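Below is one structure; the comments refer to it alone.
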Number of protein chains: 2
Amino acid sequence: MAQRTRADALSRERIVEAAVELLDADGERGLTFRTLTERLATGPGAIYWHVPNKGELLAAATASVIGDALTVATTGSPWEEIRALGIGLFEAIDRHPWLSAQLAVQLSRSPWSSVTPRIFDSIGRRVSALGVPEATWFTATSALAHYIFGAAGQNAANARVLRSGGTDRAEYLRAAASAWEELDPAEFPFLKSIADQVREHDDREQFLTGIDLILTGITAQGRT
Amino acid sequence: MAQRTRADALSRERIVEAAVELLDADGERGLTFRTLTERLATGPGAIYWHVPNKGELLAAATASVIGDALTVATTGSPWEEIRALGIGLFEAIDRHPWLSAQLAVQLSRSPWSSVTPRIFDSIGRRVSALGVPEATWFTATSALAHYIFGAAGQNAANARVLRSGGTDRAEYLRAAASAWEELDPAEFPFLKSIADQVREHDDREQFLTGIDLILTGITAQGRT
DNA sequence: ACCTGAACACCGTTCAAGT
DNA sequence: ACCTGAACACCGTTCAAGT
């Protein structure tokens, strides 16, 4: 077969789509140019014609998956919409756990290109509608964004442990709580004291409580 | 030379120390087993005798650098100590920018081993001393930790751009602000509106404002 | 017990050559 | 313009052999 027919022609979109599938299936180590060329039945040169390098491919995969999570109904109060945005990102990271490390890498490599501006704008738009002084907008947006990524990533990590091991959720939490209780109280007094809270908490609910906490801070600080 | 004399004997500590130096000098791509063996004047086998693999080496380098940042004076109010802790981590990440992505990777890979418990305990201890209900401790601690890592990482990324390029800070901020102002207002209304705030802000001060914001939320929510 | 260094499997990337 | 596939430089890791 010389050139491809139009139906199976390679394109940036098809490559990114395949990359996301490989990442979902096996995490970051699941995506290599070998697995990618195999799945797309082509050679590395063909992929490099559409994509400059692996970093850009990962960035494109991240942008593609985050994009959907940022489109949220605009029918609620700003507070409600921020919660909805948080849940959307929370679930995206839960479905695609590789997003967590990838977002951090992108943020720390090129903070103001690629996907970051869209996330900041999406959150910031609602923050500016909360009715707090303009001087607080940027810091408030940044606090929300970092909390969402961090907490969602941590949840995804827990979820991954749960899926990979055969253990169920209750058992996992019980094991974690017991492990904390056996920590040296001189070195880890706090973890020890909250060990039993971990036993019966709901991840989603706790995540939303954190968003409410920050929103409370934003509005309270804005008022003083 | 057959075996090493006692003075230059290899050890886990010496390997980790060399790894940190390489990471500081050139980021994550600066640390390979070739550069490491070269600096330590040895072969890969010698390193593998002290360290199980590269992942563990990165984890050890992270723990070594974070450890110092977590020891903070215990003479202030909980609120003040949390601010001091934040500044300590902020500066550690500023000095060792590779920490940012590394902490995210560690958190998302094995959330409750390695360095995470120590960070959580260090922050959580002060949170529990704030006088808010115990039910809020864990969420509050998590919000603080994620904000600190995220915001510090973003600052480090900006700082790295500044150091690598020849541009100075004022010029960089002016360029960023101008770029935001030229964004499509339909797609990025928020970034456009805060473009001029970016021109004259202090990173450290803004970082601390964010911590105060979250602490305000914690204590306000605890009161209702 | 601790170290040497050649060898292995695998990775991202390039490029002359084809259509 | 788009694709092929061999080749290159480099990476983490292993292991038989030494002292």
Side-chain angles (χ1 to χ4, degrees), chain A residues 1-62 98 101-102 105-106 109-110 114, chain B residues 1-62 98 101-102 105-106 109-110 114:
Chain A
M1 168 189 60
Q3 197 118 342
R4 284 158 177 274
T5 64
R6 192 123 63 89
D8 68 341
L10 225 47
S11 66
R12 199 180 144 94
E13 295 92 74
R14 282 200 58 220
I15 294 169
V16 170
E17 192 185 339
V20 169
E21 284 167 22
L22 288 168
L23 287 165
D24 287 348
D26 261 321
E28 195 160 348
R29 33 153 282 207
L31 176 64
T32 74
F33 274 81
R34 322 275 155 170
T35 59
L36 199 54
T37 53
E38 195 181 346
R39 167 163 302 221
L40 293 168
T42 180
I47 291 171
Y48 275 93
W49 203 89
H50 294 277
V51 168
N53 55 51
K54 193 180 181 182
E56 296 272 343
L57 179 55
L58 280 165
T62 304
W98 50 272
Q102 201 47 46
V105 169
Q106 310 241 106
R109 221 183 318 263
S110 53
S114 74
Chain B
M1 167 191 56
Q3 198 118 339
R4 284 157 175 278
T5 64
R6 192 123 64 91
D8 67 342
L10 225 46
S11 66
R12 198 181 144 95
E13 295 90 76
R14 282 200 57 222
I15 294 169
V16 170
E17 193 185 339
V20 170
E21 285 168 22
L22 288 169
L23 287 165
D24 286 348
D26 261 323
E28 194 161 349
R29 33 153 281 206
L31 175 64
T32 73
F33 274 80
R34 322 275 155 169
T35 58
L36 198 54
T37 53
E38 195 180 347
R39 168 163 302 221
L40 293 168
T42 181
I47 291 171
Y48 275 93
W49 203 90
H50 293 278
V51 168
N53 54 52
K54 194 180 181 183
E56 296 272 342
L57 178 55
L58 281 164
T62 304
W98 50 272
Q102 201 49 44
V105 169
Q106 310 240 107
R109 227 191 306 271
S110 52
S114 72

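Since we're looking at a predicted model, the values are computed, not measured. Within every chain, numbering begins at 1; the chains are lettered A, B, ... in the order of the sequence lines, protein sequences first and strands thereafter. Quick note: numbers below take in every heavy atom, side chains included, and nothing from hydrogens, waters or symmetry partners.
If you measure from atom CZ of Arg29(A) to atom P of dG12(C), you get 13 Å, rounded to the nearest angstrom. The distance from atom CZ of Arg34(A) to atom C1' of dC8(D) is 11 Å, rounded to the nearest whole Å. Between Phe33(A) atom CZ and dG5(D) atom P the separation is 17 Å, expressed in whole Å. Put simply, CG on Leu31(B) is 15 Å from C1' on dT13(D), counting in whole angstrom units. Look at CD on Glu38(B): it is 16 Å from C1' on dT4(C), rounded to the nearest Å. For the pair Arg12(B) CZ and dC3(C) P, the computed distance is 15 Å after rounding to whole Å. In this structure, the CG atom of Leu10(A) is 19 Å from the P atom of dT19(C), given to the nearest Å. The interatomic distance linking Arg14(B) (CZ) with dC2(C) (P) rounds to 15 Å, in whole Å.
Out of dC3(C), dC3(D), dT4(C), the shortest distance to the side chain of Thr42(B) is found at dT4(C). For Asn53(B), whose side chain is taken as the heavy atoms from C-beta onward, the closest listed nucleotide among dC3(C), dG12(C), dT13(D) is dT13(D). With dC3(D), dC2(D), dC3(C) as the choices, the nucleotide that has an atom nearest any side-chain atom of Trp49(B) turns out to be dC3(C). Ranking dT13(C), dC3(D), dG12(D) by closeness to the Lys54(B) side chain, first place goes to dG12(D).
Here the CG atom belonging to Leu57(B) is positioned 9.0 Å from the OG1 atom belonging to Thr62(B), to the nearest 0.5 angstrom. Rounding to the nearest 0.5 Å gives a distance of 4.0 Å between CG of Leu10(A) and CD1 of Ile15(A). Expressed to the nearest 0.5 Å, how far CG of Leu58(B) lies from CD of Gln106(B) amounts to 7.5 Å. Expressed to the nearest 0.5 Å, how far CH2 of Trp98(B) lies from CG of Leu23(B) amounts to 5.0 Å. Here His50(B) contributes atom NE2 and Glu13(B) contributes atom CD; the two are 9.5 Å apart, rounded to the nearest 0.5 Å. Separation of atoms CG (Leu40(B)) and CD1 (Ile47(B)) is listed at 5.5 Å; rounding is to 0.5 Å.
Across the interface with DNA chain D, nearest-nucleotide mapping of Thr32(B) and Ile47(A) shows Ile47(A) to be the residue nearer the 5′ end.
Taking a pair as Watson-Crick or G-U wobble with both distances under 3.5 Å, DNA chain C forms stems of 3 or more consecutive pairs at C:4-8 with D:12-16, C:12-16 with D:4-8.
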What does the list of N/O pairs under 3.5 Å between the protein and nucleotides 14-17 of chain C look like, with a distance for each?
none

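The number of heavy atoms from other shown groups lying within 6.0 Å of CZ (Arg39(B)) is above 12. Applying the 6.0 Å contact sphere to CD of Glu28(B) captures no more than 12 heavy atoms from other residues, nucleotides or ligands.
The shortest distance between side-chain heavy atoms of Asp26(A) and Thr35(A) does not fall below 4.5 Å.
One finds no side-chain N or O of His50(A) lying less than 4.0 angstrom from the OP1 or OP2 phosphate oxygen of dA1(D).
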